[in-house]
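Heads up, the thing below is written out as structure tokens.
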Amino acid sequence: MQTEIAQLCEDLAELFAAEGRPGGVEVADALRDRRLKAHQKPGTSTSLDAEIVDLLSTTEALPAAGSALAVMTALPWHYSGYHDGRIRAEVALSMATCEILGPTGLIHCDSCKVGLFAQAARHDYPARNHAAEETFIMIAGRAEWQCDPGNWMEQGPGAILHHPSMAPHRSRTAESGLVAAWRWTGDIGTGSYALLE
């Protein structure tokens with residue numbers, strides 16, 4: 001499994017290096033740091049697993065989706081913000097995330113976070129903000145995104161969605177869910193995270 005996790009890290013590093021921002025370069029370098037080793041943690045699952053697998057298996061998905069699919073059962077998936085109460089249940093139970101690189105990730109890193117995020121079909125993730133600078137890169141599925149407050153824009157695999165520190169942002173899905181790679185740089189603590197509605 002170490003080889004497959006290393007391949008996922010390389011695929012994610014390529015995506016974020018191509019982002020064209022210092023934070024993207026920072027996480028690409030961290031993902032490629034061969035001194036960092038994946039911990040032996042049991043994978044976890046959510047009720048979204050089947051939908052995530054279906055999305056990662058589509059022909060339109062990016063190569064990173066195949067790498068994520070290969071390690072799906074080893075990833076620490078959980079409902080976004082549900083267990084610590086940051087996100088109310090009716091929102092949280094339609095989203096799953098896993099931290100691949102970060103303070104609590106499969107690979108320990110204190111300076112940045114990288115992971116995967118899934119949002120179920122027909123779900124609205126309300127406006128939120130946080131101190132961390134964030135970028136999502138969609139690897140499978142489709143969604144509409146809005147940032148600060150801006151117009152809604154439909155996005156698919158390959159779309160890069162950047163949110164500066166404290167910028168309100170929102171995502172919603174229709175018939176398709178989404179899977180995206182995400183990164184947090186700067187202030188990566190969760191204490192500033194807030195739903196705005």
Non-hydrogen atoms of [X] and [Y] that approach each other most closely:
X    : Y    : result
E19  : H162 : OE2-ND1, 3.8 Å
A96  : L48  : N-CD2, 4.1 Å
A181 : I139 : N-CG2, 4.3 Å
C112 : E26  : CB-OE2, 3.8 Å
R122 : T173 : N-OG1, 3.1 Å

Worksheet, complete the sentence: Partner of F117 under ring-ring contact (aromatic ring centres under 6.0 Å, His included), picked from W77, F136, W182, is F136
Does a donor on one side chain sit under 3.5 Å from an acceptor on the other, for [X] and [Y]?
X    : Y    : value
T104 : E99  : yes
W184 : T135 : no
Y79  : S94  : no
Q155 : W145 : no

Worksheet item: Are any of the side-chain nitrogens in R21 or E133 under 4.0 Å away from the carboxylate oxygens of its partner?
Response: no
Worksheet item: For W152, is the NZ or CZ atom of R172 found under 6.0 angstrom from the centre of its six-membered ring and inside 45 degrees of the ring axis?
Response: yes
